[in-house]
Amino acid sequence: MSTHSNHTFHLVDYSPWPLTGAIGAFTTVAGLVKWFHQYEINLFILGNVIILLTMYQWWRDVSREGTFQGLHTYAVTIGLRWGMILFIVSEIFFFISFFWAFFHSSLSPAIELGAMWPPMGIIPFNPFQIPLLNTAILLASGVTVTWAHHSLMSSNHSQTTQGLLFTVILGIYFSILQAYEYIEAPFTIADAVYGSTFYMATGFHGLHVLIGTTFLLVCLLRHLNYHFSSGHHFGFEAAAWYWHFVDVVWLFLYISIYWWGS
């Protein structure tokens, strides 16, 4: 029987990871319910472990298919690009919902809030302290990831490594500063709609920074193992697109919530 393919598309093999991913997601949600009602976190941790193991093994398989088996042809890469673009578009609308909630409440604050914004009794963050430093950090990380991208396209292995390493360090530094900001915060998520919208928007952005940092760290490890070339590196491009998206969302957060909203 001939194994020759008359098309350029990748027909994937049978994989257990969609099933284990679904089991992990179900276990995580069930664990959340159990955590909320019975204050027992073990099932939630188990669900997260299953999801993390699934992610690692599924993405390992995709990396093998694209790097060593040559299955990510031009047609497949185009599909991956559109998939990443549509994913980022869906993330944009995800954050639009938080901005919508924030402006809905802040542009016409209800009488229960004291008819003022921020609501009476809430002391907002000074936008020219840690938030401004975090803005500078993310803008710098956008420069370093672009430096890494151009170095990769120029086949400069060492400068690509340096650019990715600096970007990962800046991402970790941003997360540490945001955690410190949360610890020292003078208000909580329960403090009226201001606290809710602030922590939902900045918290989910912080989660995206952690995801993007992990994404770029994996790209750094793959680059050190020579998985990328100047003409075949969509895994890195996807991470760079995602990181630029995270940067832009932070600029909107800083201007609207930290600066204007305070």
Side-chain angles (χ1 to χ4, degrees), residues 1-25 50-94 141-168 171 208 210-249:
M1 180 178 177
S2 174
T3 58
H4 176 69
S5 174
N6 294 316
H7 57 78
T8 57
F9 299 97
H10 176 206
L11 301 180
V12 296
D13 298 326
Y14 290 115
S15 170
W17 312 132
L19 176 60
T20 59
I23 292 170
I50 295 172
I51 290 175
L52 289 172
L53 289 172
T54 299
M55 288 163 55
Y56 170 77
Q57 293 172 103
W58 198 344
W59 294 343
R60 175 204 62 192
D61 290 353
V62 173
S63 297
R64 285 174 176 171
E65 290 164 359
T67 306
F68 303 114
Q69 295 176 297
L71 297 173
H72 287 185
T73 61
Y74 178 76
V76 174
T77 305
I78 292 296
L80 292 172
R81 287 177 183 274
W82 276 109
M84 191 65 192
I85 289 169
L86 292 174
F87 170 68
I88 290 175
V89 168
S90 73
E91 292 282 272
I92 290 170
F93 282 95
F94 176 75
S141 72
V143 173
T144 56
V145 77
T146 303
W147 168 35
H149 191 189
H150 283 276
S151 299
L152 181 56
M153 289 190 294
S154 301
S155 300
N156 191 325
H157 189 271
S158 62
Q159 288 204 14
T160 305
T161 303
Q162 293 168 24
L164 272 172
L165 180 61
F166 284 134
T167 308
V168 169
H208 281 70
L210 290 172
I211 294 169
T213 304
T214 306
F215 204 167
L216 289 166
L217 179 60
V218 171
C219 287
L220 175 59
L221 296 174
R222 292 189 64 195
H223 173 67
L224 292 173
N225 286 292
Y226 298 94
H227 285 191
F228 299 133
S229 67
S230 59
H232 193 83
H233 55 264
F234 176 68
F236 172 79
E237 279 190 331
W241 291 355
Y242 188 83
W243 195 251
H244 287 309
F245 157 73
V246 168
D247 284 354
V248 172
V249 169

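None of these values were measured; they are calculated from a predicted model. Values below: every heavy atom of this structure, side chains too, minus hydrogens, waters and symmetry copies.
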Can you find a pair of side-chain heavy atoms, one from [X] and one from [Y], that are under 4.5 Å apart?
X: Leu165; Y: Gln162; answer: no
X: Trp82; Y: Ile85; answer: yes
X: Leu152; Y: His223; answer: yes
X: Trp17; Y: Trp59; answer: no
X: Thr146; Y: His244; answer: yes
X: Glu91; Y: His208; answer: yes

Give me the atom names and distance for the closest heavy-atom approach of [X] to [Y].
X: Thr144; Y: Thr167; answer: OG1-OG1, 2.7 Å
X: Thr213; Y: Val168; answer: CG2-O, 3.9 Å
X: Gly235; Y: Phe215; answer: O-CE2, 3.8 Å
X: Trp243; Y: Gly212; answer: CZ3-C, 3.6 Å
X: Leu216; Y: Ala239; answer: CD2-CB, 3.8 Å
X: Ile88; Y: Tyr242; answer: CD1-N, 4.1 Å

Legend entry - Arg222: which of Leu164, Thr67, Leu217 passes side chain to side chain contact (heavy atoms under 4.5 Å, CB included):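 Exactly one option meets the side chain to side chain contact (heavy atoms under 4.5 Å, CB included) with Arg222, and it is Thr67.
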How far does [atom1] of [X] sit from [atom2] of [Y], to the nearest 0.5 angstrom?
X: His227; Y: His232; atom1: NE2; atom2: NE2; result: 11.0 Å
X: Glu237; Y: His149; atom1: CD; atom2: NE2; result: 4.0 Å
X: Phe68; Y: Ser63; atom1: CZ; atom2: OG; result: 8.5 Å
X: Arg60; Y: Met55; atom1: CZ; atom2: CE; result: 14.0 Å
X: His233; Y: Thr77; atom1: NE2; atom2: OG1; result: 10.5 Å
X: Asn156; Y: Trp147; atom1: CG; atom2: CH2; result: 9.0 Å

Legend entry - Phe245 atom CZ, neighbour heavy-atom count above 12 within 6.0 Å: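 More than 12 heavy atoms, drawn from other residues, nucleotides or ligands, come within 6.0 Å of this atom.
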Legend entry - Crowding at OH, Tyr56 (>12 non-hydrogen neighbours, <6.0 Å):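 No, OH of Tyr56 has 12 or fewer neighbouring heavy atoms, counting only those of other groups under 6.0 Å.
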Inset, instruction - Decide if the gap between the ring center of Phe234 and the ring center of Trp241 is smaller than 6.0 angstrom. - result: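 So the answer is yes for these two rings.
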Legend entry - Ring geometry between His157 and Tyr226 (parallel below 30°, tilted from 30 to 60°, perpendicular above 60°):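 Correct class here is parallel.
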Inset, instruction - Would you tell me whether Ser15 and Trp58 have side-chain atoms, one donor and one acceptor, within less than 3.5 Å of each other? - result: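 Side-chain D/A pair, Ser15 to Trp58: absent.
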